[in-house]
Every structure is written in structure tokens, then in C-alpha cells.
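First comes the structure, then the notes that go with it.
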2 protein chains.
Amino acid sequence: MIGSPESDVREMFRRSGYTLTSQRRAVLDALQDFKGHPSAEEVYLAVKKKNPKVALGTVYQALSVLEEIGLIEAKRWSESPVRYDLNTEPHYDIRCTRCGKVAEIPGLKFDDFAARIRENTPYKVTNTSLVIEGHCPVCQMED
Amino acid sequence: MIGSPESDVREMFRRSGYTLTSQRRAVLDALQDFKGHPSAEEVYLAVKKKNPKVALGTVYQALSVLEEIGLIEAKRWSESPVRYDLNTEPHYDIRCTRCGKVAEIPGLKFDDFAARIRENTPYKVTNTSLVIEGHCPVCQMED
DNA sequence: ACTTTTTTAGGAATGGTTATTGATCGAAAG
DNA sequence: CTTTCGATCAATAACCATTCCTAAAAAAGT
Ligand SMILES: [Mn+2]
Ligand SMILES: [Mn+2]
Ligand SMILES: [Zn+2]
Ligand SMILES: [Zn+2]
């Protein structure tokens with residue numbers, strides 16, 4: 001279920017109490033067109049093509065609303081701005097540390113880390129995420 | 001082997017080709033005294049107590065040298081500056097998202113992620129790290 | 001239509017980190 | 001010892017991603 005259909009988008013907004021404004025719609029569309037894992041800046045540039053007066057801050061805000069209501073996910077790597085993912089199904093992404101390209105890793109499934117961790121710490125575990133880096137096929141050729 | 005003894009420190013520097021300067025020593029000492037997982041800023045403040053004329057940039061530089069030669073490790077969480085760890089044995093740390101405290105999770109061991117990942121992507125996997133967040137016991141009481 | 005609330009554009013500000021530069025240190029050679 | 005010359009340093013400017021601020025615009029409520 002990549003890229004929720006129109007009705008789902010409306011429903012998510014309705015339930016959250018946020019309004020589906022033209023800017024938020026534009027950000028969502030840009031993300032859809034982009035197909036990859038763009039940064040806020042990249043989303044901004046894409047959105048600006050259709051509506052040149054949208055502000056970068058608005059894109060950041062829209063992204064965080066979209067994330068909050070569960071339509072997109074934010075993913076972080078250490079040497080990169082946050083990247084956004086329309087694919088909210090649980091999956092892992094790997095980022096090339098040479099060219100920055102992000103790719104999905106299909107079929108990779110680990111059993112829940114949180115359970116194991118909970119047995120070993122008095123902390124209440126609220127979030128775990130596996131950060132994966134490497135070299136993409138193209139960049140490997142430069143070795 | 002937490003906090004390598006003097007001879008090890010010297011050996012690591014010798015092999016790397018970097019020189020063990022008084023500033024780098026001071027940064028290492030500060031890290032030792034601190035005992036936790038301090039940020040560059042915190043290391044800087046600690047170092048300044050004994051030598052008020054060190055610059056923040058020098059601390060950043062020293063930390064990256066120490067990391068490069070393998071005496072310390074840098075760890076990242078999303079809402080925090082990089083934190084440094086004298087404990088270079090493989091282990092996991094959890095960070096409280098409310099108060100920022102970082103604690104080690106002893107006895108937690110996952111089998112190598114990289115192998116599993118490699119089977120599912122054409123990327124050459126160079127690095128994986130598990131980011132863990134939660135609420136510490138103290139902060140849990142505020143619930 | 002009027003009022004209240006939410007969202008936006010534009011731009012300034014922030015925080016963590018890196019880059020630049022001229023001064024200083026320090027090991028090795030003479 | 002001195003001189004030399006690269007490594008390192010302090011100080012400070014620059015950088016980048018992101019957040020914050022504010023007045024204006026848009027949307028929602030009545
Ligand atoms: Mn993805
Ligand atoms: Mn640790
Ligand atoms: Zn690449
Ligand atoms: Zn806490």
C-alpha cells in the first residue's frame with residue numbers, strides 16, 4: 001500500500017483534526033512524484049515548480065504534520081538531512097555514503113528489537129531504529 | 001576493557017601517526033572523568049576547567065582524532081548532539097528522550113545484522129547501528 | 001457577514017559542527 | 001643549541017538543516 005489513495009488521505013486528515021490545505025496536498029503530491037526518499041529541501045524544490053510562492057518553512061511544517069498523522073515517515077542517517085518516505089509499511093532503507101542515494105531493502109525482516117531490549121534495561125523503550133549505510137552498486141565500481 | 005590504560009593510549013597514537021598532545025590527553029581525561037556519554041560541548045566545559053584556553057574547535061578536532069584512532073566512539077541520536085563513548089566494546093546505549101540521560105544496556109547482543117542485510121541488497125553494507133530511545137526510570141515516574 | 005482559529009510567507013534566529021587563518025609548538029637536522 | 005618545517009592550536013567566521021517569529025491570509029465556526 002504505497003501512496004494512500006485519495007480517500008485515505010482525506011480520512012487521515014479528518015481524524016487528526018488538521019485541515020488538508022493546498023500546501024499540504026502539494027507536499028504530498030511532490031513526495032509521490034519524487035518516488036524516492038527526498039529531503040525537505042528536495043520536496044521544497046519540487047513543490048515550488050508548481051507553486052513558486054510556497055515557503056521552505058511551510059514545507060517543513062507540512063512534512064511534520066504529514067508525519068504526525070501517519071501519512072509519511074521521517075528517516076535519519078548521520079551525514080544527511082532527514083529524508084521522507086511515503087512507504088509507511090515497516091521496511092528498511094540503506095543509504096550510500098558516497099552518493100547519498102537511498103534504496104529500500106525488500107524482504108528484510110528482523111523480529112522486534114524492543115522486546116529483547118526491554119529485558120536488559122529498566123528504561124521504557126519507546127523507539128528503536130536500525131540505521132544502515134553502505135555503497136551502492138554504482139559507487140562500488142569506483143573502488 | 002573500559003578506559004584503556006596509559007600504555008594502550010600511547011600505542012594507539014604511535015600506530016596512527018598522530019601525536020599525543022596535551023589537548024588530546026586532556027580531552028581523553030575529561031571523557032574518563034565524565035564517565036557517561038558526554039557531548040562535545042560537555043567535554044569542552046570539562047577540559048576548560050583545567051585549561052581555560054582550549055578552544056571548542058580543538059575539542060571537536062581532538063574528539064575526531066580519538067575516534068579515528070579507535071580510542072573512543074561517536075554515537076548519535078536524533079534529538080541530541082553527538083555523544084562520545086570511551087567504551088569501545090560492542091554494546092548498546094539507550095537515551096531518555098525526556099531528560100537526555102544515556103545508559104548502557106549490558107548483556108544485550110544481537111547477531112550480526114550486516115550478514116542478513118547483505119542477502120537482501122546489492123549495496124555493500126559498511127555500517128549498521130541500532131538507535132534506541134526510551135524513558136529512564138526517573139522520568140517514568142512523571143507519567 | 002462577522003469572529004475566531006489555523007495556516008502561511010518571508011525572513012531572522014538557532015544549534016551543532018566545520019572551515020579558515022595566522023600564531024605557536026615541537027621533533028629532527030645541522 | 002639554533003633553524004626549519006610540518007603538525008597543531010586558538011579564535012573566529014561560515015555553514016547547514018531546522019526552528020522560530022510575526023503579520024497577513026485563509027479557513028472554520030456562528
Ligand atoms: Mn523506504
Ligand atoms: Mn556506552
Ligand atoms: Zn552511491
Ligand atoms: Zn529521563
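Keep in mind that the numbers below use all heavy atoms, side chains included, and drop hydrogens, waters and symmetry copies. Chain A is the first sequence line, chain B the second, and so forth, proteins listed ahead of strands; every chain is numbered from 1. All values derive from a computational prediction rather than experimental measurement.
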Return the 5'-most residue of the pair A/Y18, B/V82 with respect to DNA chain C, ranking by each residue's nearest nucleotide.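 Looking at the nearest nucleotide for each, A/Y18 comes out on the 5' side.
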With a 4.0 Å cut-off on heavy atoms, is [X] in touch with a base, just the backbone sugar-phosphate, or nothing at all?
X: A/T19; answer: sugar-phosphate
X: A/T58; answer: base
X: B/Q61; answer: sugar-phosphate

Hydrophobic cluster identity match, B/Y92 and B/V131, side-chain contacts under 4.5 Å: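 No, no single cluster joins them.
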Can you tell me if B/S64 uses its side chain to pair, donor with acceptor, with the backbone of B/Q61 under 3.5 Å?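 Looks like yes, one N/O pair under 3.5 Å.
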Does B/R76 reach the main-chain N or O of A/S78 with its side chain, forming a donor-acceptor pair under 3.5 Å? no
Considering non-hydrogen atoms only, spot the tightest contact between A/S16 and A/I69 and give its length.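 Result for this residue pair: CB-CG2, 3.2 Å.
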Minimum heavy-atom distance A/V43-A/P38, with the two atoms named: CG2-CG, 3.8 Å
Separation of atom [atom1] in [X] from atom [atom2] in [N], rounded to whole Å:
X: B/E41; N: C/dG15; atom1: CD; atom2: C1'; value: 10 Å
X: A/L56; N: C/dT14; atom1: CG; atom2: P; value: 18 Å
X: A/L20; N: C/dT6; atom1: CG; atom2: P; value: 17 Å
X: B/E79; N: C/dG15; atom1: CD; atom2: P; value: 15 Å
X: B/E42; N: C/dG16; atom1: CD; atom2: P; value: 10 Å
X: B/K53; N: C/dT24; atom1: NZ; atom2: P; value: 9 Å
X: A/R25; N: C/dT7; atom1: CZ; atom2: P; value: 16 Å
X: B/R76; N: C/dG16; atom1: CZ; atom2: C1'; value: 12 Å

First and last nucleotide of DNA chain D, 5' to 3', lying under 4.0 Å from heavy atoms of chain B: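 The footprint of chain B covers D/dT8 to D/dA11.
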Among A/E73, A/H37, A/E104, find the residue that satisfies the side-chain hydrogen bond (donor to acceptor under 3.5 Å, both in side chains) test when tested with A/N87.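 Exactly one pass, corresponding to A/E104.
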Using the ring centroid of each side chain, check whether A/Y84 and A/F34 are separated by less than 6.0 Å. no
Taking only N and O in the side chain of B/S39, is any of them less than 4.0 Å away from OP1 or OP2 of C/dG16?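 Checking B/S39 against C/dG16: no side-chain N or O falls below 4.0 Å of OP1 or OP2.
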Respond yes when some side-chain nitrogen or oxygen of A/Q23 is under 4.0 Å from OP1 or OP2 of C/dT7, and no when none is. no
Looking at A/F13, does the NZ or CZ of A/R24 lie under 6.0 angstrom from its six-membered ring centre and within 45 degrees of the ring axis?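 No - A/R24 does not lie over the ring of A/F13 by the 6.0 Å and 45° rule.
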Check whether any side-chain heavy atom of A/L86 sits under 4.5 Å from a side-chain heavy atom of A/L28, and report yes or no.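 Sidechains of A/L28 and A/L86: in contact.
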How large an angle, rounded to 10°, do the end axes of the helix from C/dA1-D/dT30 to C/dG30-D/dC1 enclose when each is built from five base pairs?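 Roughly 20°, once rounded to the nearest ten degrees.
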